[in-house]
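Atom set for the values below is all heavy atoms of this structure, side chains included, hydrogens, waters and symmetry mates excluded.
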Amino acid sequence: MLRHVGNRIPGLGQRPSSSAVAQGVFRRLYHERVVDHYNNPRNVGSFDKNDPTVGTGLVGAPACGDVMKLQIKVDEKTGKITNACFKTFGCGSAIASSSLATEWVKGRTMEEALSIKNTEIAKHLFLPPQKIHCSMLAEDAIRAAKKDYEAKKAKFNENAENASTEKAV
């Protein structure tokens with residue numbers, strides 16, 4: 001009976017949706033920059049992992065279950081990162097950290113990209129101490145993507161060298 005009456009009085013007997021509650025809690029616990037990157041992530045997607053100009057970094061944090069894949073596309077002539085993208089399975093801080101990392105690496109050389117530290121990402125996003133590992137994942141993903149790119153480049157150059165040697169013989 002009370003529930004029936006409550007439904008006729010505006011605001012009584014109605015509960016906010018769980019997503020509205022979650023959004024409100026998310027906004028209170030995270031800085032607006034994290035919320036912005038979470039709600040509007042930049043550069044989500046993936047490149048062809050077999051492309052020799054693409055480096056892929058896949059990293060994870062066993063403690064919390066976050067997994068981050070960050071890919072870079074490098075201009076071979078200039079050595080600059082022309083594009084970057086990510087896919088992340090994890091919390092809002094992990095998504096925001098990878099989104100920010102893809103923005104920051106674009107237009108940089110590989111060495112400049114490696115100079116991006118997790119502390120800079122955490123400071124920019126105002127991550128709380130218990131979420132610092134998310135920014136560490138982003139830094140690790142950049143390093144892993146560079147390592148993968150360089151391994152592909154070395155293999156590609158080795159294959160090209162072997163092909164030219166075979167033609168000469």
Side-chain angles (χ1 to χ4, degrees), residues 10-51 53-75 78-152:
L12 192 61
Q14 298 174 349
R15 291 188 222 169
S17 69
S18 61
S19 64
V21 171
Q23 283 293 331
V25 169
F26 189 68
R27 283 200 172 98
R28 279 192 302 249
L29 297 177
Y30 290 93
H31 189 271
E32 64 187 40
R33 288 181 182 166
V34 174
V35 175
D36 180 43
H37 277 276
Y38 177 78
N39 287 331
N40 307 298
R42 283 68 152 180
N43 310 305
V44 175
S46 61
F47 300 130
D48 178 9
K49 66 180 180 179
N50 297 319
D51 183 344
T53 64
V54 171
T56 303
L58 183 62
V59 295
C64 65
D66 292 344
V67 178
M68 184 180 296
K69 179 177 88 170
L70 187 139
Q71 293 181 298
I72 54 173
K73 187 174 268 251
V74 182
D75 181 340
T78 63
K80 288 193 174 189
I81 298 169
T82 58
N83 206 350
C85 63
F86 79 96
K87 284 189 177 180
T88 295
F89 177 80
C91 66
S93 296
I95 292 168
S97 294
S98 39
S99 174
L100 182 64
T102 60
E103 286 194 318
W104 281 6
V105 298
K106 286 183 184 180
R108 294 186 183 209
T109 65
M110 297 294 265
E111 295 309 313
E112 290 170 342
L114 287 180
S115 72
I116 297 171
K117 300 296 177 206
N118 74 296
T119 51
E120 295 170 319
I121 294 169
K123 186 176 179 180
H124 181 80
L125 293 173
F126 295 91
L127 294 180
Q130 64 270 25
K131 293 295 182 176
I132 298 298
H133 68 277
C134 298
S135 62
M136 294 170 90
L137 278 178
E139 181 182 344
D140 292 345
I142 294 168
R143 290 184 187 287
K146 177 192 183 278
K147 185 177 179 180
D148 181 62
Y149 169 75
E150 289 179 342
K152 281 184 187 176

(message) To the closest 0.5 Å, what do you measure between SG (Cys91) and OH (Tyr38)?
(response) 9.5 Å

(message) Is it the case that atom CZ in Phe126 sees more than 12 heavy atoms from other parts of the structure closer than 6.0 Å?
(response) yes

(message) When you measure from the side chain of Ser98 to the backbone of Ala138, do you find a donor-acceptor pair of N or O atoms at a distance under 3.5 Å?
(response) no

(message) So does Glu112 get a backbone contact from the side chain of Ser115, meaning a donor-acceptor N/O pair under 3.5 Å?
(response) yes

(request) Hey, could you give me the CG/CG distance between Leu100 and Leu127, rounded to the nearest 0.5 Å? (result) 9.5 Å

(message) Please evaluate residues Ile81 and Met110 with respect to the criterion side-chain contact (heavy atoms from CB on, under 4.5 Å), reporting the C-alpha separation (whole Å), side-chain torsions for both, the decisive distance (0.1 Å), and the verdict.
(response) CA-CA 7 Å; Ile81 298 169; Met110 297 294 265; 4.1 Å; yes

(request) Over 60° means perpendicular and under 30° means parallel, so classify the ring planes of Trp104 and His124, tilted if in between. (result) perpendicular

(message) Please evaluate residues Cys134 and Leu125 with respect to the criterion side-chain contact (heavy atoms from CB on, under 4.5 Å), reporting the C-alpha separation (whole Å), side-chain torsions for both, the decisive distance (0.1 Å), and the verdict.
(response) CA-CA 11 Å; Cys134 298; Leu125 293 173; over 6 Å; no

(request) For atom NZ of Lys49, decide whether the heavy atoms of other residues, nucleotides or ligands shown that lie under 6.0 angstrom number more than 12. (result) no

(request) Find out whether Thr88 and Pro41 are in side-chain contact, i.e. whether some heavy atom of one side chain is under 4.5 Å from a heavy atom of the other. (result) no

(message) Taking the side chain as everything from C-beta on, heavy atoms only, tell me whether Arg42 gets closer than 4.5 Å to Asp36.
(response) yes

(request) Look at the side chain of Ser135 and the backbone N and O of Asn118, then say whether any donor-acceptor pair between them is shorter than 3.5 Å. (result) yes

(request) Locate the shortest heavy-atom distance separating Ala94 from Met68; write the atom from each residue and the value. (result) O-CE, 3.6 Å

(message) Around atom NZ of Lys106, are there more than 12 heavy atoms from other residues, nucleotides or ligands closer than 6.0 Å?
(response) yes

(request) Enter the distance from Leu70:CG to Ser46:OG here, rounded to the nearest 0.5 Å. (result) 11.5 Å

(message) Would you compute the distance between atom CD of Glu103 and atom CG of Asn43 and round it to the nearest 0.5 angstrom?
(response) 6.0 Å

(request) Measure across Gly90 and Ile95 and return the closest heavy-atom pair with its distance rounded to 0.1 Å. (result) O-CD1, 3.7 Å

(request) Please assess Val34 against Lys131 for the test side-chain contact (heavy atoms from CB on, under 4.5 Å), listing each intermediate value before the final yes or no. (result) CA-CA 11 Å; Val34 174; Lys131 293 295 182 176; over 6 Å; no

(message) I'd like to know if Lys147 pairs up with Asp140 as an ion pair, taking the criterion as any Lys NZ or Arg NE/NH1/NH2 lying under 4.0 Å from an Asp or Glu carboxylate oxygen.
(response) no

(message) Please give me the minimum heavy-atom distance between Gly60 and Pro62, naming the atom from each residue.
(response) O-CD, 3.6 Å

(request) Could you grab the distance from atom CG of Asn39 to atom CD of Glu32, nearest 0.5 Å is fine? (result) 12.0 Å

(request) Could you check if a side-chain atom of Val44 sits within less than 4.5 angstrom of a side-chain atom of Phe86, using non-hydrogen atoms only? (result) yes

(message) Determine whether Asp48 and Val54 satisfy the following criterion, side-chain contact (heavy atoms from CB on, under 4.5 Å), listing intermediate values before the conclusion.
(response) CA-CA 7 Å; Asp48 178 9; Val54 171; 5.9 Å; no

(request) Might you point out which heavy atoms bring Val105 and Ala84 nearest each other, and give the distance in Å? (result) CG2-CB, 3.6 Å

(message) Testing the basics here: between Ala61 and His133, what is the closest heavy-atom pair and its distance to 0.1 Å?
(response) CB-CD2, 4.4 Å

(message) Among Lys152, Gln71, Lys69, which residue satisfies the side-chain hydrogen bond (donor to acceptor under 3.5 Å, both in side chains) criterion with Thr56?
(response) Gln71

(message) For the NZ atom of Lys123 and the CD1 atom of Ile132, what is their distance to the nearest 0.5 Å?
(response) 12.0 Å

(request) Determine the minimum heavy-atom distance between Ala141 and Val59, stating which atoms define it. (result) CB-CG2, 3.8 Å

(message) Keeping Thr82 on the side-chain end and Lys73 on the backbone end, is there a donor-acceptor pair under 3.5 Å?
(response) yes

